[in-house]
Amino acid sequence: MAIRERLSGNEAVATAMKQINPDVVAAYPITPSTEIPQYFSNFVANGSVSTEFIAVESEHSAMSACIGASAAGARVMSATSSQGLAYMFEMLYIASGMRLPLTLVVANRALSAPINIHNDHSDSMGARDSGFIQLYCENNQEAYDNTIMAIKITEKTKLPVMVCYDGFITSHSVENISLMENEEVKQFIGEYTPDEYLLDSTKNISMGPLAMQEVYFEKRIELAKAMEDAQDVIIEVSKEFEKITGRKYGLYETYQLEDADYGIVLLNSTAGTAKDVVDELRNKGIKAGLLKPRCFRPLPYNEIPEELRHLKSLAILDKSDTINAYSGPLFSEITSTLYHQNIQIPTINYIYGLGGMDVTTQDIKSVYMDLQEIAKTGKITQVRKFLFDNKEVD
Amino acid sequence: MSNNIYGRGAAILKDGTSLDVKTGSWKNRTPVHSKEKCKNCMLCVPYCPEGCIYQKDSILTNIDLDYCKGCGICAKVCPFKAIEMKDSKEEI
Amino acid sequence: MPYNIKEMVNKKARFVAGHRMCAGCGAPPAIRTILNALKEDDNAVISNATGCLEVSSFLYPYTAWKNVSYIHTAFECASATLSGAEKAYEKFRKDGKIPQDKHTKFIAIGGDGGTLDIGFQSLSGAMERNHDITYICYDNGAYMNTGTQRSSSTPLHADTTTSPAGKVLQGKSQPRKDLTQIMVNHNIPYVAQTALFGNQKDIYEKAEKAIYTHGPTFISVFSPCPRGWGYPTEDLQAIEKLAIDTCFWPVYEVENGVYKITYKPAKKLPVEEFLKTQKRFKHLFKEENKHLIEEMQEEIDRKWNYLLMMEEVTNKE
């Protein structure tokens, strides 16, 4: 039986963590994810969880402690944002390279400089090659659901998982939410039984060797294959989740895309804004549609092109920039999946919302207007535009 | 209990596998232990960086030349000059 | 049970042969003797910082770690990694997943670079958080794995490849950072500085105390490096003896704030006796550098007198 509640994104994720009751949580405060270790510390102090909480002295040590605990055989979680995730950078690669299951919640926030506490995706996009599975969430419901599913996904794939949702827009905004019962969560995630761990009483093991060329490359291939296989695991875990909650999750979500002429691809909370605009344009007979990847790592490179094949024109919106003088990360990865299916749609890239700049329905509408124009003329003057100077479009 | 020692993420699921590596080939001089002079005081044993000076029931048995790198520490540590470093080229 | 070397050498091996440390390296004898302090049926998790010991003791698929579990993750987080493992253990014990009579000890090991410099923050955090761990620093006074670059633990005026003795500069210009004292000020129950000498009673008993004192403990162990210091591999024992007899490397412990100097040289030797045995100090024996040796002697005497004073003050009833 679902529990109807009204919670912010951080409260929702902290509630999920309470219901998961992991063995070890090691975390360091950073806006806007601070509330998660804060809420969680209350659960620890009041005995509503039996977790060992480690208030580490830095995010680098947060991920290192999580790695040590996971290597010892524990079920482990943490949360961070922005500079914290950047400070963990070295250890992210080591967690995945050592194939250690753990769940890291990321309340997305801009990366310095200049320092900015508001939302964009530069932090998790900065870690997109770290070997972590990356799940992106539009709202607090998805943040709650993905945090619970992440436990099963990481323990089955033996790949660490990052659950990303927008700082402040999702983390600090209260929305209606449907929670699972504690017993439902316990039953869904089950007992964690590690197979290769430091505290195995039957044998002493060694982890983290120096590997020469051949072994190193071999291990990196194994990691790449594990990420490849993760797609099926994510689908399978999501199906089990749907049986209990009725909420359906795939590797991505489409919204009025099947018969659309003009499509937008984007991540996280802006999808909500875009869906309103799609509804409004549909009422005016403009066939707009949306594709929102839930899973960016692994990239659903087979399915996404099929969903976009029929479009007359496509815009890919990046809430981060690669500073490669050409385009954002989502654009370069999605267009490359189209390329290999020989799908030639006029596609443009918008860099938007950096540093928490508001993204209004007006902004999204201006994108669909551009797409109409491009579909007509087939001409793209600029591959990448900053959704910053489009203010006056009515 | 599988005896596969190769774990995920380059873990090794068995301890002490370095014993397969015979570092003895490093040495260009070899310790020769004289049982007569040796008083089994054990002072040399902890000083050996390889831990390859063996003893049984407090009697020093041998220096394992499969691992000895010829550093010469034991010879200098021994208060009774019971260990002498010989140039490895000579046949012992 | 008074210390007896014949029993000590009979203890279960925790670090075995086949590792790739340089011939004559001072680290393995120290680490092996310290780990011998583990009780026979106790297990241990070793968390090792990147460094000489790490790359030489676990070159895939060969691990020299025996009867212990071992993890290396990165250079600056041996303590943080161990913190996580120790809390996982505590959780498993609470959940009854580990039988009460089986004990696992948590030991972090790092070189001076990995401990005094890059790993300092992670060490300080773990000690402050009161984890039940022991940190062993094998101090060879420079970044030896990468070829003798200067660390904060490099002695004053020592020549290294990044603080070379040249025409204008004469080796490292700063005195050595004294991490042992910094650890004393973390108010942890047990801190010690030791070396290999005599029948290894000092190092073994300090290791026993550190490993079996509940809470965070720290040992700094002298770890001569023939390649980096420039002395013949066979002289390990002599170098260690000179270091403690010149008080270049004081041997003492601080238990809950109470100082005890556990080795006082019968005849305190001038620092030259120690310096003259190593190439890294050769330039100090030039006529124009003699005053640098005096500076080093002053620093050594200042520290030694401080320890004598602390021993006196903290033992007053």
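This is a predicted model, so every value here is computed, not measured. By convention in this document, chain letters (A, B, ...) are assigned in the order of the sequence lines, proteins followed by strands, and residues within each chain are numbered from 1.
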| request: Determine the option with the most heavy-atom pairs under 4.5 angstrom with chain B, choosing from A:Ala226, A:Ala211, A:Gly208, A:Pro209. | output: A:Pro209
| Using a cut-off of under 4.5 Å for heavy-atom pairs, which of B:Ala10, B:Gly16, B:Ala11 has the most such pairs with chain A? | B:Ala10
| Side chains of B:Leu13 and A:Glu196 in contact at under 4.5 Å (non-hydrogen atoms) | yes
| said: Just checking A:Tyr216: does its OH atom have more than 12 heavy atoms from other residues, nucleotides or ligands closer to it than 6.0 angstrom? | reply: no
| Less than 4.5 Å apart, any side-chain heavy atom of B:Ile12 and any of A:Met207? | no
| query | Can you tell me how far CG of A:Leu223 sits from CZ of B:Arg8, rounded to the nearest 0.5 angstrom? | reply | 12.0 Å
| said: Just checking A:Phe217: does its CZ atom have more than 12 heavy atoms from other residues, nucleotides or ligands closer to it than 6.0 angstrom? | reply: no
| task | Can you establish whether the number of heavy atoms outside A:Lys239 located under 6.0 Å from its atom NZ is more than 12? | result | no
